[in-house]
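Quick caveat, the model's predicted, so the values are computed rather than measured.
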Amino acid sequence: MGEPRRLVLKMSGEALASSASDETIDAPVVERIAGEITEALRELPIQLAVMVGGGNIWRGTTGAGAGMERATSDTMGMLGTVINSLALQDALEHRDQPTRVLTAVHMAEVAEPYIRRRAIRHLEKGRVVIFAAGMGNPYFTTDTSAALRAAEIEAELLLKGTHGGVDGVYSADPRKEPSATRFDEISFMDVIAKDLRVMDLTAITFCKDNNLPILVFDLMEPGNLRKALSGERIGTLVQ
Ligand code: UDP
């Protein structure tokens, strides 16, 4: 058997807050995602790190739009991602899946600090690594942070799980244009030139510059995460 595949999953905070509930974090959704991750890790030769977003709690631009200092508002967003990360860790550990939260903003009582070599070591030991607090800098998103961490730990693929009902990259927004078609595969250049909203532009250009392919798929469809982790070709591959 060859080396295990090392993967990074980017999961939006909003994916944790389903429309079925008013809660900031909807437990059944977290449970399902944790279940698919645990199953996949037991059955497949993979290593997995997860970057969790915070949009269900706070977005930097929300506060900045209302007159807050951007850096302060972004820090609030980063702290939101820590809350989500702990929820995911809890669900994984309930399934006996060893997990480490590594935070980019130091909070020693809550989680380990992010140290690249330590992240890799945890992965090699079969632990799910959850990256909290993005990359620790304001003005960035967790999409860009996921791309950065994936490059740092030499992951072979970034899995971008969507939550808005769009199961890949389309020629136009399929929610507005029913004639839009989904690409099975598309180049970074086309995504940028056509301004297709896969991830923010900073994240896309980073992936392009560092030859990091992205699989865009619908995280909310049960079973899809399991398929994506097993290398099944669902959604759209951007490379
Ligand atoms: N954020 C930040 N730096 C980072 C990552 C995140 O400042 O490295 C802040 C930013 O304000 C962002 C918020 O955290 O709006 C929540 O992250 P994001 O919007 O990426 O979450 P998602 O949309 O994936 O739920």
Side-chain angles (χ1 to χ4, degrees), residues 1 4-57 80-103 110-112 119 122-133 142-143 145-146 149-150 153 155-168 214-237:
M1 207 168 69
R5 303 174 68 219
R6 185 172 293 162
L7 307 168
V8 172
L9 168 68
K10 163 62 213 297
M11 211 172 84
S12 287
E14 271 161 5
L16 298 178
S18 84
S19 51
S21 131
D22 290 337
E23 303 294 339
T24 308
I25 297 173
D26 187 27
V29 177
V30 187
E31 294 293 323
R32 178 184 59 78
I33 290 171
E36 289 191 37
I37 290 176
T38 306
E39 246 180 56
L41 277 165
R42 284 195 187 136
E43 292 167 19
L44 304 164
I46 57 170
Q47 298 175 351
L48 181 68
V50 187
M51 174 68 70
V52 186
N56 56 325
I57 297 173
T81 70
V82 180
I83 295 176
N84 289 335
S85 297
L86 295 179
L88 181 62
Q89 176 175 48
D90 184 79
L92 286 166
E93 288 188 344
H94 270 134
R95 290 175 162 68
D96 298 322
Q97 171 57 52
T99 303
R100 295 290 187 277
V101 175
L102 303 188
T103 170
V110 175
E112 292 179 20
H122 287 318
L123 292 171
E124 287 170 349
K125 290 199 158 191
R127 298 167 184 147
V128 172
V129 167
I130 301 175
F131 295 124
T142 50
D143 278 0
S145 307
R149 294 295 187 241
I153 65 169
E156 65 173 63
L157 179 66
L158 176 56
L159 303 169
K160 159 80 180 175
T162 64
H163 60 275
V166 180
D167 59 353
I214 310 164
L215 183 76
V216 184
F217 71 101
D218 181 2
L219 177 66
M220 303 319 278
E221 174 71 29
N224 258 1
L225 174 57
R226 177 78 176 72
K227 286 182 190 163
L229 291 171
S230 65
E232 251 184 71
R233 280 296 299 273
I234 56 169
T236 301
L237 185 68

Is the backbone N or O of [Y] less than 3.5 Å from a side-chain atom of [X], with the two atoms forming a donor-acceptor pair by type?
X	Y	answer
Asn84	Gly53	yes
Gln47	Lys125	no
Arg6	Ile153	yes
Glu36	Gly223	yes

Distance (rounded to the nearest 0.5 Å) between [X] [atom1] and [Y] [atom2]:
X	Y	atom1	atom2	result
Met11	Leu88	CE	CG	5.0 Å
Leu225	Leu9	CG	CG	5.5 Å
Leu219	Arg32	CG	CZ	6.0 Å
Gln97	Arg127	CD	CZ	10.5 Å
Ile214	Leu237	CD1	CG	9.0 Å
Thr236	Leu215	OG1	CG	7.5 Å

Go through Ser85 and Met51 one step at a time and tell me if the side chain to side chain contact (heavy atoms under 4.5 Å, CB included) criterion holds.
CA-CA 8 Å; Ser85 297; Met51 174 68 70; over 6 Å; no
Under the salt bridge (charged side-chain N to carboxylate O under 4.0 Å, His left out) test, residues paired with Asp26 that sit two or more places apart:
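Listed in chain order: nothing, the list is empty.
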Minimum heavy-atom distance [X]-[Y], with the two atoms named:
X	Y	value
Ala146	Lys10	CB-CB, 3.9 Å
Thr81	Val52	CB-O, 3.4 Å
Ala49	Leu123	N-CD2, 4.0 Å
Thr24	Asn56	O-ND2, 2.9 Å
Val101	Ala132	CG1-CB, 3.7 Å
Ile25	Ala87	CD1-CB, 3.9 Å

Please test Asp167 against Asn224 for side chain to side chain contact (heavy atoms under 4.5 Å, CB included), starting from the C-alpha separation and ending with a verdict.
CA-CA 10 Å; Asp167 59 353; Asn224 258 1; 5.6 Å; no
Does a side-chain N-to-carboxylate-O contact under 4.0 Å join Arg95 and Glu31?
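So Arg95 pairs with Glu31 through a salt bridge.
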Glu93 and Thr99: CA distance, side-chain angles, deciding distance, side chain to side chain contact (heavy atoms under 4.5 Å, CB included) verdict:
CA-CA 7 Å; Glu93 288 188 344; Thr99 303; 4.0 Å; yes
Test Leu44 against Arg5 for side chain to side chain contact (heavy atoms under 4.5 Å, CB included), laying out the working first.
CA-CA 9 Å; Leu44 304 164; Arg5 303 174 68 219; over 6 Å; no
State, yes or no, whether a side-chain contact exists between [X] and [Y] at a heavy-atom distance under 4.5 Å.
X	Y	value
Ile33	Val29	yes
Arg149	Val129	no
Thr103	Val110	no

